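Inspection log for the structure reproduced underneath, given as structure tokens.
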Amino acid sequence: MRTSELWVPTLRETPAEAEVVSHKLLLRAGFIRKTVAGIYTYLPLGRRVLAKLEQIIREEMDRAGGQELVLPIVQPAEIWQESGRWEVYGEEMFRLQDRHGRHFCLGPTHEEIITFIVRNEVNSYKQLPLLLYQIQNKYRDERRPRFGLLRAREFIMKDLYSFDRDQKGLKESYQKMYQAYSRIFGRCGLKFRAVQADSGAIGGDYSHEFMALAAVGEAVIVYCRQCDYAANIEIAAANTVEHDFVAETMLPIKEVSTPEQKTVAEVCAFLGVRPDKLIKTMLYEADGQLIAALIRGDRELNEFKLQKQLGCRELYLADQDKVKMITGAPAGYIGPVGLKGIPLYADLEVPYLVNAIAGANREGYHLQNVNPGRDFIPDAVFDLRQVEAGEPCPHCGSPLEKAEGIEVGQIFQLGTKYSEPLGATYTDEQGQERPIVMGCYDIGVSRTMAAAVEQCHDERGIIWPLSIAPYQVVINPSSIREHEQYRTAETLYHELLNLGVEVVFDDRDERAGMKFVEADLIGYPLRLTVGKRTLVQGTVDVKWRHEQQETTLPREGLAERIKEMLTMEMEKYR
RNA sequence: CGGGGCGUAGCUCAGUUUGGCUAGAGCGCUACCUUGGGGUGGUAGAGGCCGCUGGUUCAAGUCCAGUCGCUCCGACCA
């Protein structure tokens, strides 16, 4: 492709709407444009990257025994009503009606529709297992689309669904997908980690998320360097209660004045104690019901765990008025002692505290020598706290690392969650009718594109991994008005084309510097420069985008040499 | 959904506080000259429903009300 014909509208300045680096660079380098909030147009370069990603995904899905199909985007309400999710999905679902007033939605996910088709067509154990996938636009009317492609309302996803006879078959399908996913993200050149995850609204019992490690990750994960333990922090178990408390004699409870001392840090400084001596009490509203959560002062509460334990849909900190009404004191002075009328839920560490500090439920006062069991009794004790970096791994005891990640894929074992309500059954060898056992396996394709940019860039622009770059090579004659340079560059261009290299020929009448800057912004992996000096030497300058150093290679046999270099570089992405 | 910010040229943004002539700059774009290995320098030009609707006023980009959109923080999130 000649750049004089290639449509790449680059921007010198960053549009004000972009916050994260992938969004900024994909806009500036001419890969995407926003149409409305959370909905993007993929320009030619962006589409090429998507095509590369999709191709890698297809190859690995097919290798694992998957078969591609295409499911409808516009889906009838009836099948969603059958599964019960027409109501559950709420406002996140794009809904529409046809001219007859029939209700439809734009598919946010495709469990229902695939189960619908399979239930009609699959009847016998002989037809199982079945692995079906598609790469398709999905629609979720996010409350808050943001971060460009990372949280969009229209996005591209690969979703594969597995249909097995039993749990054993499902485990095998799940394993296949786990391995396929590892290969896919490896081939895309991503630094990633598979972590244990919650299965969320999709349902099911067992799940892994594939996290691309990145500075802007929306998710936080913990992982062990010594063993393979890795989990989303939402579910990472804090199951190691440290018994590092000193065996003290319980002292009589005592109220102390702590004017204007509200935060853990303030109270500690004021009373001269360590934060792990405090009991932090937080009032939450869980589906409209007030509850108190107790946690050691030096710990962070994990709201996800609390919500899961309570089994509530909505959970948020109670507002000041409610706090005052229930405890008689403003936030900062709440404590479990004498707190009546609402349930007390304590973290596992709380019962181990002796002579602790807690709010007195009276403005400006705290209690000293509070002893759980003596001064208050929690209604329930369970794991409520956020795991921190450095804590021992629950498997091997080595210190855990913490990292941020972008969820680029997730795999679920659905079991019969959809096959039962939707009546997707088969007849086994004994003539018995059984529900099909399902799994589902997502990859956010467009999000993966953004995740790659988050990982692979520098201050000048994108640095595409060779496997997913829109083009592999750019040829840059430093001046096309120098006839010899132009001819040499153009000949090289044709040679590379003939060798099947994806190459761009920058034939525009622009300054060399401008073309360099633009090539760096776009992120072509390999750049060849034909200039005045090298021309007389019979050489060409060759530079990898991911390396600092430029090398000079003889013009003679260069195309073959480049082809070899590319083949070798591709070895990294296998 | 709660809270904050912003809508003026393709992009980045002045101008709005204190209403007043023909609405500005830089970048980008067009033409020409210059330059030619890291967004070269210059000359000339094109480009605006000042988000939209209504109101106040002799007069509104500027004040008021409503509305739409974008964005940030939080909540939420297969």
Side-chain angles (χ1 to χ4, degrees), chain A residues 9-20 23-24 27-28 30 33-39 85 88-93 107-112 138-148 150-153 155 157-159 161 197-204 207 209-210 218-219 232 234 284-285 303-304 307 312-317 319 407-412 414 417-418 440-444 447 459-461 476-482 485-486 506 508-521 527-535 540-541 543 550 552:
Chain A
T10 60
L11 300 171
R12 194 185 278 239
E13 285 174 282
T14 304
E17 71 200 40
E19 198 63 22
V20 299
H23 193 194
K24 289 179 182 171
L27 285 170
R28 280 194 57 210
R33 285 293 182 266
K34 185 179 71 181
T35 302
V36 293
I39 298 180
R85 290 209 292 181
V88 175
Y89 239 100
E91 300 210 302
E92 204 168 302
M93 190 182 252
T109 175
H110 286 66
E111 283 84 8
E112 277 79 1
K138 305 242 172 177
Y139 296 84
R140 291 185 196 168
D141 194 0
E142 293 283 349
R143 284 181 183 181
R144 188 181 163 198
R146 59 179 144 175
F147 302 147
L150 288 174
R151 180 162 293 290
R153 296 196 292 174
F155 54 100
M157 179 170 277
K158 184 284 306 180
D159 45 326
Y161 301 90
D198 182 71
S199 50
I202 282 260
S207 179
E209 285 166 338
F210 286 75
E218 286 187 274
N232 191 313
E234 289 177 341
Y284 276 91
E285 222 172 305
E303 292 188 0
F304 193 87
Q307 183 169 13
C312 61
R313 264 187 71 72
E314 281 199 321
L315 182 74
Y316 46 89
L317 276 169
D319 60 44
E407 183 199 329
V408 286
Q410 185 166 12
I411 57 180
F412 304 85
L414 298 175
K417 176 173 168 134
Y418 296 96
C440 112
Y441 315 86
D442 299 333
I443 291 178
R447 177 183 275 191
E459 62 291 342
R460 296 200 304 267
N476 191 352
S478 57
S479 171
I480 66 159
R481 296 190 194 173
E482 300 288 333
Q485 284 181 34
Y486 183 84
D506 200 338
R508 293 171 300 171
D509 183 14
E510 296 287 353
R511 293 176 63 84
M514 182 273 185
K515 293 200 274 194
F516 286 145
V517 168
E518 198 162 89
D520 284 349
L521 176 63
R527 187 184 77 198
L528 311 181
T529 309
V530 178
K532 195 186 287 179
R533 287 191 290 279
T534 52
L535 191 64
V540 171
D541 285 326
K543 184 177 175 303
E550 190 164 50
T552 302

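Throughout, protein chains are lettered first and strands after them, A, B, ... in sequence-line order, and every chain is numbered starting at 1. What you see is a predicted model, and the numbers here were worked out from it, not measured in a lab.
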Inset, instruction - Go through the steps for A/Glu482 and A/Leu535 under the test side chain to side chain contact (heavy atoms under 4.5 Å, CB included), then give the verdict. - result: CA-CA 11 Å; A/Glu482 300 288 333; A/Leu535 191 64; over 6 Å; no

Starting at atom [atom1] of [X], determine the distance to atom [atom2] of [N], rounded to an integer number of angstrom.
X	N	atom1	atom2	answer
A/Arg511	B/rU34	CZ	C1'	10 Å
A/Ile39	B/rC70	CD1	P	9 Å
A/Phe516	B/rG36	CZ	P	15 Å
A/Glu19	B/rC72	CD	P	6 Å
A/Lys515	B/rG36	NZ	P	15 Å
A/Met514	B/rG36	CE	C1'	14 Å
A/Arg146	B/rC76	CZ	C1'	9 Å
A/Leu11	B/rG39	CG	C1'	13 Å

Legend entry - Carboxylate-amine/guanidinium proximity below 4.0 Å for A/Arg85 and A/Glu111: yes

From C-beta outward on [X], which listed nucleotide comes closest to its side chain: [options]?
X	options	value
A/Glu17	B/rG39, B/rG37, B/rC70	B/rC70
A/Arg12	B/rG39, B/rU35, B/rG74	B/rG39
A/Arg143	B/rG38, B/rA75, B/rC77	B/rA75
A/Val36	B/rG38, B/rC70, B/rU12	B/rC70
A/Arg28	B/rG39, B/rC72, B/rG38	B/rG39
A/Arg481	B/rU35, B/rG37, B/rC70	B/rU35

Inset, instruction - Would you mind telling me which residue lines up with the more 5' stretch of RNA chain B, A/Arg527 or A/Glu91, judged by nearest nucleotide? - result: A/Glu91

Inset, instruction - On RNA chain B, check which nucleotide each of A/Gln307 and A/Ser478 is closest to and give me the residue with the more 5' one. - result: A/Ser478

When the [atom1] atoms of [N] and [M] are considered, how many whole Å apart are they?
N	M	atom1	result
B/rC76	B/rA9	P	38 Å
B/rA46	B/rA31	C1'	11 Å
B/rG41	B/rG5	P	39 Å
B/rC21	B/rA60	C1'	15 Å
B/rA25	B/rC68	C1'	29 Å
B/rU8	B/rC52	C1'	14 Å
B/rU71	B/rG54	P	27 Å
B/rU16	B/rU30	C1'	33 Å

Inset, instruction - Please name the residue in the list A/Lys543, A/Arg28, A/Arg460 that meets the salt bridge (charged side-chain N to carboxylate O under 4.0 Å, His left out) test with A/Asp520. - result: A/Arg460

Working to the nearest 0.5 angstrom, can you tell me the gap between [X] [atom1] and [Y] [atom2]?
X	Y	atom1	atom2	value
A/Arg151	A/Glu407	CZ	CD	8.5 Å
A/Glu19	A/Leu150	CD	CG	12.5 Å
A/Thr35	A/Arg153	OG1	CZ	11.0 Å

Need one value for [X]: base, sugar-phosphate or nothing, where a base atom within 4.0 Å counts as base even if backbone is also close, heavy atoms only.
X	value
A/Asn476	nothing
A/Arg460	base
A/Tyr441	nothing
A/Asp509	base
A/Gln485	nothing
A/Glu518	base

Inset, instruction - Return yes if the base of B/rG36 and the side-chain atoms of A/Glu482 contain a donor-acceptor N/O pair under 3.5 Å, otherwise no. - result: no

Legend entry - Side chains of A/Asp141 and A/Tyr139, donor plus acceptor under 3.5 Å: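 No, no side-chain donor-acceptor pair sits under 3.5 Å.
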
Legend entry - Pair assignment for B/rG7, Watson-Crick or G-U wobble, requiring both distances under 3.5 Å: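 WC or wobble partner is B/rC68.
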
